[in-house]
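This report refers to the structure that appears directly beneath it.
Atoms within each ligand, like the ligands themselves, are counted from 1 in listed order. Keep in mind that this is a model prediction, so the values were computed, not measured.
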Amino acid sequence: MSLIVHKYGGTSMGSTERIKNVARRVAKWHKAGHQMVVVPSAMSGETNRLIGLAKEIQENPDPRELDMLCCTGEQASVALLAMALKAQGIDAVSFSGWQVPIQTDSSYTKARIESIDDTRVRAELNAGKVVVITGFQGIDALGNQTTLGRGGSDTSAVAIAAAMKAAECLIYTDVDGIYTTDPRVVPEARRMNVVSFEEMLEMASLGSKVLQIRSVEFAGKYRVPTRTLSSLTDPDIDLEIEMKSGTLITFEEDEHMEQAVVSGIAFNRDEAKIMIRGVPDKPGVAYQILGEVADANIDVDMIVQNQGVDGTTDFTFTVHRNEYAKTMDLLKGKVQGKVAAKEVAGDTAVCKVSIVGIGMRSHVGIASLMFKTLSEEGINIQMISTSEIKVSVLIDDKYMELAVRALHKAFGLDKAPA
Ligand code: ADP
Ligand code: ASP
Ligand code: MG
């Protein structure tokens, strides 16, 4: 008998019929003798609906109140799922984040999990119940409810699996595993049986939304066996088959792993580009600009500084699109005068496209094939950033699909590895 954590995303919980199917699947695992903790998301569209309501009332919703509001989505899900389990004769109990409790910091809308007390959950499991815990939420030291950022239920599930030393964390979603790129954009994308932890971390950090980045970080830090698989199969399929389906994150490179040079393509439409032009070129400029941005708790991603004219420099960087307005206000208000910049401008119609692969470490010419492919499609590159296992470019948003498809083909990702 093992302790298993299941996570079900919004689509998987999207209707009462689907919730009944989730309950059937969980019941099957429970009857096979496993202790089950289940972490569902809000029903699909619900978190967007709640955020939409908030924005109808306040242009920039108060973060604490937004978290109070968004927590209701997952709360409805856990109660419905516990009822669905009971309706099938399985004893179950639901908990909100604060009831566990899942302790977080106080960064509303993007809180980080600090600790999880599993005493109450263990007692219920030992009493034979399935425990259903809200994804996406926790409580801070002052007793305020917090949320973990969009897609945060993945992180809740893996963190609970880590804290409770679960045998495996299964992330059930609307695709049957991790693909070479988003199968909605490239139908030829291939599912991988295994993906290395490093590649998954890079893919998630570069915008591949199939797993929230922090869930991958938790999986790596605590070595949680984490598998992504479909919730849309027959809930009664053979347990042995189900246990081997989907994509497992692996922590060791072994010779059986698919050894493609580039193993995946990620894209991210959540960034915005900001340019500060005509800044007198002297030591400390980057700090004067980015120090203020960091102090405002805004994360910066790509950065480029180039030589302007007349002893000035142009500074370009990207931030999350949600923080674009806040960053522009900060730069136009406090920073522009301080650094004597001639102009502050921005562009939200951008997209970051990245190629990822641990095989890049031992191969040259990968970046140049990427640039050649994009140039043949007539796509202009605005910014570039590289690391040992990835190359990212910022391009005009309208070329995103074209770029991803062309790169997927150019790097042979549509063909099974030799
Ligand atoms: P959930 O609601 O279950 O959390 P998400 O929408 O967050 O589901 O994540 C699943 C989606 O991620 C898929 O429907 C797919 O379109 C998208 N996706 C993006 N990149 C990938 C990838 N490399 N492999 C599989 N799915 C991907
Ligand atoms: N319901 C939240 C969201 O839509 C969390 C999640 O689905 O993981 O972002
Ligand atoms: Mg998700």
Classify the contact between Q212 and ligand 2 as side chain, backbone, both or neither, using a heavy-atom distance cut-off of under 4.0 Å.
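The answer is neither.
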At under 4.0 Å between heavy atoms, which part of [X] makes contact with ligand 1: side chain, backbone, both or neither?
X	answer
D182	both
M13	neither
S153	neither
I171	neither
K209	backbone

Report, in ascending order of atom number, the atoms of ligand 2 lying under 4.0 Å from any heavy atom of S153.
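Near S153, meaning under 4.0 Å from one of its heavy atoms, ligand 2 has 5 (C), 6 (C), 8 (O).
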In ligand 2, which numbered atoms sit nearer than 4.0 Å to a non-hydrogen atom of E74?
1 (N), 2 (C), 5 (C)
So, applying side-chain hydrogen bond (donor to acceptor under 3.5 Å, both in side chains) with Y108, which one of T146, N144, T147 is it?
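Exactly one option meets the side-chain hydrogen bond (donor to acceptor under 3.5 Å, both in side chains) with Y108, and it is N144.
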Does an N or O from [X], backbone or side chain, lie closer than 3.5 Å to an N or O of ligand 1?
X	result
S12	no
D154	no
T180	no
V175	no

Let me confirm one number: the [atom1]-[atom2] distance from [X] to [Y], rounded to the nearest 0.5 Å.
X	Y	atom1	atom2	answer
I289	L330	CD1	CG	11.0 Å
I384	L394	CD1	CG	10.5 Å
K20	L81	NZ	CG	13.0 Å

Identity and distance of the protein heavy atom lying nearest atom 9 (O) of ligand 2:
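Ranked first by proximity to atom 9 (O) of ligand 2 is R150 NE, 2.7 Å.
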Among all the protein's non-hydrogen atoms, which is closest to atom 7 (O) of ligand 2, and how far away is it?
S41 OG, 3.2 Å
Check if G9 has a non-hydrogen atom at a distance under 4.0 Å from any atom of ligand 2.
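No heavy atom of G9 comes that close to ligand 2.
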Regarding ligand 2, does G151 bring an N or O atom to under 3.5 Å of one of the ligand's N or O atoms?
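Yes, at least one N or O pair falls under 3.5 Å.
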Over 60° means perpendicular and under 30° means parallel, so tell me whether F315 and F317 are parallel, tilted or perpendicular.
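The rings of F315 and F317 stand perpendicular, inter-plane angle above 60°.
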D174 heavy atoms, cut-off 4.0 Å: which ligand 1 atoms fall inside?
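Per the distance check, 10 (C), 11 (C), 13 (C), 14 (O).
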Checking contacts now, so for atom 6 (O) of ligand 1, which I'm interested in, is there any protein heavy atom under 4.0 Å?
no
State, without any angle test, whether E199 and S263 hold a side-chain donor-acceptor pair at a distance under 3.5 Å.
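Checked: E199/S263 side chains pair up, N/O donor to acceptor below 3.5 Å.
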Looking only at the side chains, is there a donor atom on one of E188 and Y179 sitting less than 3.5 Å from an acceptor on the other?
no
What pairs meet the salt bridge (charged side-chain N to carboxylate O under 4.0 Å, His left out) rule with one or both residues in residues 154-171, with sequence neighbours excluded?
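Matches after skipping sequence neighbours: K7-D154, E168-R227.
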Would you indicate whether Y222, at its atom OH, is surrounded by more than 12 heavy atoms from other residues, nucleotides or ligands within a distance under 6.0 Å?
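No - once you tally the heavy atoms of other residues, nucleotides and ligands closer than 6.0 Å, there are 12 at most.
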Applying ring-ring contact (aromatic ring centres under 6.0 Å, His included), can you list everything that pairs with F136, at least two apart in sequence or on another chain?
none
